[in-house]
Every structure is written in structure tokens, then in C-alpha cells.
Trainee: 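Take this structure, written in C-alpha cells, and hold onto it; I'll ask about it next.
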Amino acid sequence: MKLKLFISCLFILTLFSCINDKGLVRELPEVSETKTEYDLSKAINIYIDGNNQLLVDNEKVDIDELKTKVREYVYMNKSESIISLKNAPRSSYNTIINVQESIVGEIRNLREILSKERYNTGLDSLTKEKLSEIQKIYPQNWVE
């Protein structure tokens, strides 16, 4: 009896240790009292279809091409950049998270480069005022 209980406990512990609790790694933006309206005619449009295929402005891309397109778009449009992200109901949660993390990562990379160019230091070492200035140049304007 004790052996069965031990094996059952071992099985349950093994099962729970295999579960991956991956969620959003990025911080959510502060809640604003005013609703922001964006001109979506200038937005980069990212769509995840039901087969987890990525489309950027109606062109099929892989995750590396997505990163390149986001980086180029945000760099060119700076404070006016808007990212429209939509997904089909059958899109996998993992794909949605990977796409979001890729977008956030590319914006962070641009911010990091600008921080080093302007202040000779990384983002994590900036004052709140300087960080705010960098964030205004490369914002994370999302429409989902």
C-alpha cells in the first residue's frame, strides 16, 4: 500500500514539474483614463491565422522576418508607430505570446541602441526622465 502511494505521489510530482507556466513577460501599460484613438492607416498590421501562420501587412512571414519588419517599421515611424495585432480564434496561445515577445523585444532593442547613442548607458541605468524620453521616441502603441 505504501509503495502504491509513493508511486502515485511521484507520478503527480513528475506531472506537475513538466507543466510550463509561460505567460506574458512584458509589463502591461498603465491604465489611462482617456481612450486613445489611433490612425490605423499608418499601422503595421500583424495577423496570426488559425494555422499559426504570421502575416505582416498581408504577407506571410516567419518569426525572424516579423522581427525585421517590426524593427524597420518602428525605426522609420518612431513616435507615430502603431502595431495592430490580431489573431484568429484558433491561434495557439504559445504563438500569440511568441509574437508579442518578439515585438516587445525589437522595440526594446531600438530603445537600448538609442540609450547608448544618447547617454552612453543601457536602459536599465537611465533616470526616469531619460527613460521616458526614450519611450516617447519608440513607444509601444498597440491595438489588439
Side-chain angles (χ1 to χ4, degrees), residues 5-144:
L5 180 61
F6 176 75
I7 292 173
S8 296
C9 288
L10 187 60
F11 174 74
I12 290 171
L13 287 172
T14 304
L15 176 68
F16 284 112
S17 69
C18 294
I19 295 174
N20 183 359
D21 265 352
K22 187 170 184 180
L24 292 175
V25 179
R26 66 183 163 102
E27 287 184 30
L28 296 174
E30 292 182 22
V31 177
S32 174
E33 296 296 321
T34 59
K35 188 174 180 179
T36 305
E37 295 291 327
Y38 295 111
D39 178 6
L40 296 181
S41 67
K42 298 177 182 177
I44 184 171
N45 296 292
I46 302 167
Y47 181 71
I48 306 168
D49 71 13
N51 296 319
N52 296 311
Q53 291 287 314
L54 299 176
L55 289 101
V56 176
D57 294 331
N58 296 318
E59 177 186 336
K60 281 189 179 183
V61 298
D62 62 23
I63 199 76
D64 291 327
E65 292 169 315
L66 168 72
K67 291 176 182 180
T68 300
K69 287 187 175 288
V70 166
R71 184 181 332 109
E72 290 171 353
Y73 169 79
V74 174
Y75 179 77
M76 295 300 292
N77 292 281
K78 293 188 176 38
S79 64
E80 295 180 8
S81 63
I82 303 163
I83 298 167
S84 172
L85 177 60
K86 296 181 181 175
N87 61 280
R90 293 186 342 200
S91 303
S92 77
Y93 179 71
N94 191 45
T95 301
I96 296 167
I97 294 299
N98 286 339
V99 167
Q100 289 179 344
E101 287 178 351
S102 296
I103 294 167
V104 170
E106 289 307 313
I107 294 171
R108 179 168 175 81
N109 288 341
L110 288 170
R111 289 175 175 177
E112 190 72 39
I113 291 167
L114 184 59
S115 175
K116 288 179 180 173
E117 286 174 357
R118 285 200 174 177
Y119 306 114
N120 292 324
T121 188
L123 282 175
D124 297 332
S125 301
L126 293 177
T127 63
K128 286 185 180 183
E129 294 79 22
K130 290 178 180 177
L131 178 59
S132 178
E133 186 180 315
I134 297 287
Q135 290 171 336
K136 286 178 185 174
I137 294 169
Y138 291 125
Q140 287 186 34
N141 294 329
W142 291 74
V143 177
E144 294 187 70

Trainee: List for me each residue that meets side chain to side chain donor-acceptor pair (under 3.5 Å) alongside T95, sequence neighbours excluded, and say none if there are none.
Mentor: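 Partners of T95 under the side chain to side chain donor-acceptor pair (under 3.5 Å) test: N52, S92.
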Trainee: Do the side chains of E65 and V56 get nearer than 4.5 Å, heavy atoms only?
Mentor: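 Heavy-atom side-chain distance check fails, nothing below 4.5 Å.
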Trainee: Taking NZ, NE, NH1 and NH2 as the nitrogens, is one of them in R71 or E106 under 4.0 Å from a carboxylate oxygen of the other?
Mentor: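 A salt bridge links R71 with E106.
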Trainee: What distance do E144 atom CD and N87 atom CG have between them, rounded to the nearest 0.5 Å?
Mentor: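 CG of N87 is found 8.0 Å from CD of E144.
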Trainee: Once rounded to the nearest 0.5 Å, what's the spacing between atom CD1 of I134 and atom CD1 of I113?
Mentor: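 So the gap between those two atoms works out to 11.0 Å.
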Trainee: Nearest 0.5 angstrom please: S84 OG to I44 CD1, how far?
Mentor: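 The CD1 atom of I44 is 10.0 Å from OG of S84, to the nearest 0.5 Å.
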Trainee: Taking N45 for its side chain and D57 for its backbone only, find out whether a donor-acceptor pair lies under 3.5 Å.
Mentor: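 Flag not set: sc N45 to bb D57 has no pair under 3.5 Å.
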Trainee: Closer than 3.5 angstrom, by distance alone: can the side chain of N51 be matched with the main-chain N or O of Q53 as a donor-acceptor pair?
Mentor: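 Looks like no, no N/O pair under 3.5 Å.
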Trainee: Quick one: which of V99, I96, L54 gives a side chain to side chain contact (heavy atoms under 4.5 Å, CB included) with S91?
Mentor: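 Of V99, I96, L54, side chain to side chain contact (heavy atoms under 4.5 Å, CB included) with S91 is met by I96 alone.
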Trainee: Under a 4.0 Å N-O cut-off, is there an ion pair linking R108 with D124?
Mentor: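 D124 and R108: salt-bridged.
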Trainee: Does R118 reach the side chain of E133, with side-chain heavy atoms less than 4.5 Å apart?
Mentor: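 Result yes, sub-4.5 Å side-chain heavy-atom pair found.
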Trainee: Hey, could you give me each pair passing side-chain hydrogen bond (donor to acceptor under 3.5 Å, both in side chains) that has a residue in residues 73-82? Not counting sequence neighbours.
Mentor: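 Pairs touching residues 73-82 that pass the test: none.
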Trainee: How far does OG1 of T121 sit from NZ of K130, to the nearest 0.5 angstrom?
Mentor: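 That separation rounds to 8.5 Å.
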Trainee: With sequence neighbours excluded, what pairs up with N58 under the side chain to side chain donor-acceptor pair (under 3.5 Å) test?
Mentor: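 By the side chain to side chain donor-acceptor pair (under 3.5 Å) rule, N58 matches no residue at all.
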Trainee: Are any of the side-chain heavy atoms of L114 and E117 separated by less than 4.5 Å?
Mentor: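 When only atoms from C-beta onward are counted, E117 and L114 do touch, with a gap below 4.5 Å.
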Trainee: Is there side-chain contact between T127 and Y119, with heavy atoms separated by less than 4.5 Å?
Mentor: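 The answer is no, as the side chains (C-beta and beyond) never meet within the 4.5 Å cut-off.
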Trainee: To the nearest 0.5 Å, how far apart are OG in S102 and CG in L66?
Mentor: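 Answer for the OG-CG pair, S102 versus L66, is 6.0 Å.
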Trainee: Distance from I83 atom CD1 to Q100 atom CD, nearest 0.5 Å?
Mentor: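 CD of Q100 is found 10.5 Å from CD1 of I83.
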